[in-house]
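Written below as structure tokens is the structure these notes are about.
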Amino acid sequence: MPRRPPRALLALAAAALATLSITVAVAAGHPAPTTLPAGGLPYQDPSLPVADRVHDLMSRMTLDDELGQMTQAERAALNPQSDLATYRVGSVLSGGGSAPSPNTAQSWADMYDNFQRIALSTSLGIPMIYGADAVHGHNNVYGATIFPHNIGLGATRDADLAQRIGHATAEEVSGTGIDWDFAPCLCVARDDRWGRTYESFGEVPEIPTAMTSIITGLQGATLGGPASVLATAKHYIGDGGTTGGVNEGNTQLSEADLRAIHLPPFKAAVDKGVGSVMISFSSWNGVKDHGNHYLITDLLKGELGFGGFVVSDWAGIDQIDGQSGFSAADVDAAVNAGIDMVMVPTDYKGFLNTLRAEVNNGHIARSRIDDANRRILTKKFQLGLFEHPYTDRSYTATVGSADHRALARQAVRESQVLLKNAGGILPLAKSSKVFVAGKSADDIGNQSGGWTISWQGGSGNTTPGTTVLQGIRSAVAGSGSVTYDRYGNGITNGYTAAVAVIGETPYAEGQGDRPGGLGLDQEDLATLSRLRASGVPVVVVLVSGRPLDIAAQLPNWNALIAAWLPGTEGNGVADVLFGDYAPTGKLPVTWPSSSSQEPINDGDGQTPLFPLGYGLTYPGGGTATPPPTTTTTTSPGPGGCAADYSVTSTWQGGFQAAVTVTNRGSAPISAWTVSWTWPGGQTVTNVWNGTYTQAGTAVTIRNASWNGTLAPGASATFGLTGTGTAAIPTMACS
Ligand code: GLC
């Protein structure tokens with residue numbers, strides 16, 4: 001039973017609920033709309049501090065006004081749409097693929113403005129905030145630029161590129177009115193069988209931590225600037241660490257490991273001012289995250305100091321008590337755990353009635369309701385929704401623009417990971433006679449993956465773009481030629497190379513879980529067999545959301561490129577195939593020798609087919625500078641503290657490093673400090689599993705609250721990202 005009812009069912013349910021609206025609205029005793037004084041009220045004065053505006057507005061709100069702000073409804077469920085005002089609903093969302101008809105940027109903007117007009121018709125005129133999943137570009141909108149999914153961006157290790165993609169995405173999102181993006185996913189994917197592996201930037205916290213730069217791209221330096229949309233760090237916490245890679249499953253980890261593996265990207269997001277955090281469906285040691293007060297209130301809001309608002313996932317609170325639908329116990333558990341806004345998303349009337357009852361009976365304190373409203377309204381004011389509630393149509397033309405597609409093409413280039421290049425067959429000469437095959441050679445839908453036009457995505461010509469085949473045709477010139485047959489039929493020897501574009505067809509969330517293994521499908525195997533029989537060298541381009549189990553077939557391939565899910569600009573793949581861009585991508589995940597190795601991760605002692613960070617380039621080509629010789633060790637300082645520093649990755653303008661602090665003395669260490677002076681103007685941009693200060697070129701790293709105690713011989717590791725060229729500093733450890 002799909003967790004998400006099909007749209008038709010959704011509309012039926014909404015119509016049925018609409019019959020209740022008359023009685024419920026009157027029963028709820030909503031105050032009759034009143035007109036506000038022409039001069040405006042303090043909360044309407046943009047010159048006042050946001051905190052004062054929030055305070056003034058809340059002093060005028062009834063309990064029902066406040067409860068409505070905590071309620072998010074799906075667009076198709078709001079029936080009649082006037083319920084937005086009747087029930088003071090504060091937020092609307094588009095679930096995956098939930099689009100107006102026609103699905104154009106213009107009609108999205110018209111839809112948004114219509115909902116906003118209804119919201120503003122209430123007595124207090126509080127604007128609604130509209131959320132959508134723009135997780136690799138504005139992917140619900142036909143014609144939008146579709147960027148590589150996160151696993152491909154992780155392969156670029158290019159945090160600056162991610163920030164630029166965030167800004168381009170924000171422009172397209174803003175151009176359709178939408179002001180809240182349910183992105184980025186900061187999941188740390190630890191088991192490639194998980195159906196959302198492609199939504200992860202990588203299997204170690206360092207990579208998603210570095211790529212939180214996308215948040216700054218989405219929000220801008222501060223909220224409310226041009227094309228600024230609210231970002232969402234999701235899904236908090238541990239969604240990528242479930243046992244067996246089961247979507248919405250159980251993450252069985254000690255707190256120390258949960259903090260070390262899954263927390264750093266969220267800390268980085270909070271430090272970058274992310275406006276919202278979405279809770280994970282998954283559980284931590286058997287307790288649903290959606291009801292976990294320690295994780296949400298103590299850790300996220302308390303220890304990390306998150307000042308934005310927390311939103312549940314799609315009907316996520318329903319799962320807390322394990323029964324279908326939401327109960328009063330679910331609502332109590334979720335709101336009291338610290339969830340500020342509930343993505344209901346259909347029975348918003350039922351939710352409001354339950355929430356009201358649980359406040360009136362004292363199960364939920366009014367102070368909790370006030371805190372949630374303060375957080376939500378603060379973001380609405382900071383976004384400028386009270387001053388600019390409608391679509392900024394100056395950005396509508398950016399949807400699918402040439403500039404954005406050029407940026408996406410660059411992202412595709414940088415995300416390609418060259419895993420094999422026997423005999424240097426790549427790059428192909430543009431005068432080559434090329435035979436192209438494979439189900440994903442000429443398929444925008446396959447190369448875009450899930451969360452594209454529809455929730456699950458789909459094969460076929462689903463949205464405008466350039467397929468890999470079209471890219472190859474554009475690249476080949478002169479005496480070169482391109483022959484295409486999806487299945488490889490008709491190939492004979494005499495071709496320079498056969499390019500097989502194969503892999504996975506689109507999926508999203510649990511429908512992408514592959515507990516049975518990660519092998520190639522029968523069509524791909526048959527196509528490869530035909531190509532191999534011709535004796536023509538085979539170049540495989542793997543279009544997939546994760547590493548696949550290809551060790552048995554690899555010896556028959558002359559070259560292999562992991563293309564991930566590149567999106568609409570398939571010509572970026574051709575740029576690498578023909579050497580217009582020498583590959584610089586590095587694996588963001590460990591590539592298993594066999595599905596039976598899953599979960600397989602860096603440092604777990606297993607022997608992979610290709611290790612994390614692996615990636616070839618062309619002889620004499622490539623723009624990535626290989627990391628310098630990596631380690632330096634301090635002599636044991638006072639108390640036996642010693643530090644080993646290694647560069648774990650480099651990219652244009654930045655680098656990552658890991659430092660292991662070891663107690664080489666004979667007495668326990670209760671706290672440690674590592675310090676150094678940068679040799680060349682480097683700047684630390686983020687640290688995980690430690691706290692840092694930098695004054696000029698002097699850097700000081702102190703232990704985190706959970707890794708300061710080291711018995712003799714024990715060690716702890718912290719990581720960092722920095723700007724500038726990768727450097728090996730001379731450290732002191734005490
Ligand atoms: C989904 C996903 C979440 C998404 C939300 C709204 O179930 O888990 O990533 O933002 O619903 O579409």
Side-chain angles (χ1 to χ4, degrees), residues 1-7 10 71-77 91-99 129-141 149-151 169 173 178-189 194-201 208 214-215 218 229-240 242 245-249 251 265-266 269 274-283 288-290 309-319 326 334 339 341-346 348 449-457 506-513 545:
M1 174 63 181
R3 190 170 47 76
R4 177 162 307 166
R7 189 177 298 176
L10 211 58
T71 305
Q72 183 180 60
E74 215 285 332
R75 56 173 282 278
S91 181
V92 181
L93 85 143
S94 278
S98 178
I129 184 169
Y130 195 121
D133 297 276
V135 296
H136 63 140
H138 200 359
N139 41 258
N140 286 318
V141 179
H149 267 296
N150 287 354
I151 194 168
T169 300
V173 168
I178 307 304
D179 32 46
W180 181 12
D181 186 2
F182 300 139
C185 183
L186 296 177
C187 39
V188 182
W194 184 39
R196 306 192 77 164
T197 295
Y198 66 79
E199 295 187 62
S200 173
F201 290 107
I214 199 167
I215 292 167
L218 286 165
V229 298
L230 198 73
T232 310
K234 72 181 187 181
H235 308 82
Y236 183 81
I237 182 174
D239 52 349
T242 61
V246 174
N247 189 52
E248 304 184 11
T251 298
F266 288 92
V274 71
S276 68
V277 170
M278 185 183 291
I279 302 303
S280 174
F281 285 119
S282 56
S283 302
K288 278 287 179 185
D289 285 2
H290 272 76
F309 66 88
V310 173
V311 63
S312 69
D313 202 337
W314 180 281
I317 73 167
D318 300 13
Q319 298 181 9
F326 56 79
I339 288 178
M341 183 186 289
V342 173
M343 186 187 297
V344 181
T346 53
Y348 48 90
W451 294 102
T452 307
I453 308 304
S454 67
W455 174 39
Q456 291 293 314
Y507 53 83
E509 300 193 44
Q511 298 185 36
D513 283 3

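In what follows, every heavy atom counts, from backbone to side chain, and hydrogens, waters and symmetry copies are set aside. In each ligand, atom 1 is the first atom listed, and ligand 1 is the first ligand listed. Owing to the predicted nature of the structure, the values given are computational and were not obtained by experimental measurement.
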Counting from 1, what ligand 1 atoms have a heavy atom of His235 closer than 4.0 Å? 3 (C), 8 (O), 9 (O)
Please list, in number order, the atoms of ligand 1 under 4.0 Å from a heavy atom of Phe281. 7 (O), 8 (O)
At a 4.0 Å cut-off, with the gap strictly under it, does some heavy atom of Trp455 reach an atom of ligand 1? no
Judged by atom type as modelled, is there a donor-acceptor pair below 3.5 Å linking the side chain of Ser200 to the main-chain atoms of Cys187? yes
Would you kindly say whether Glu509 and Trp455 are connected by a side-chain donor-acceptor distance under 3.5 Å? yes
For ligand 1, the portion of Gln72 having any non-hydrogen atom under 4.0 Å away: neither
Kindly give the heavy-atom pair with the smallest separation between Thr71 and Tyr348, and that separation in Å. CG2-CB, 3.9 Å
Tell me, please: is Glu199 in heavy-atom contact with ligand 1, that is, under 4.0 Å? no
Closest non-hydrogen atom pair between Asp181 and Asp133, with its separation: OD1-C, 3.9 Å
Geometry only, no angles: is Ser94 polar-contacting ligand 1 at N/O separations under 3.5 Å? no
One finds that the ligand 1 atoms under 4.0 Å from a non-hydrogen atom of Trp314 are 7 (O), 11 (O)
Looking only at non-hydrogen atoms, the one of Asp133, Val135, Asp239 nearest atom 10 (O) of ligand 1 is Asp133
Ligand-side contact atoms (ligand 1) for residue partner Phe182, heavy atom cut-off under 4.0 Å: 10 (O)
Give the numbers and elements of all ligand 1 atoms closer than 4.0 Å to a heavy atom of Lys234. 3 (C), 4 (C), 9 (O), 10 (O)
Can you sort out which atoms of ligand 1 are near Met278, meaning under 4.0 Å from one of its heavy atoms? 3 (C), 10 (O)
Less than 6.0 Å separating the ring centroids of Phe309 and Trp180? yes
Quick one: CG on Asp239 to OG on Ser283, what's the gap to the nearest 0.5 Å? 12.0 Å
Grab the two heavy atoms, one from Asp313 and one from His235, that are nearest each other, plus how far apart they are. OD2-CD2, 3.5 Å
Using the six-membered ring wherever Trp is involved, compare the ring planes of His149 and His136 and label them parallel, tilted or perpendicular (cut-offs 30° and 60°). parallel
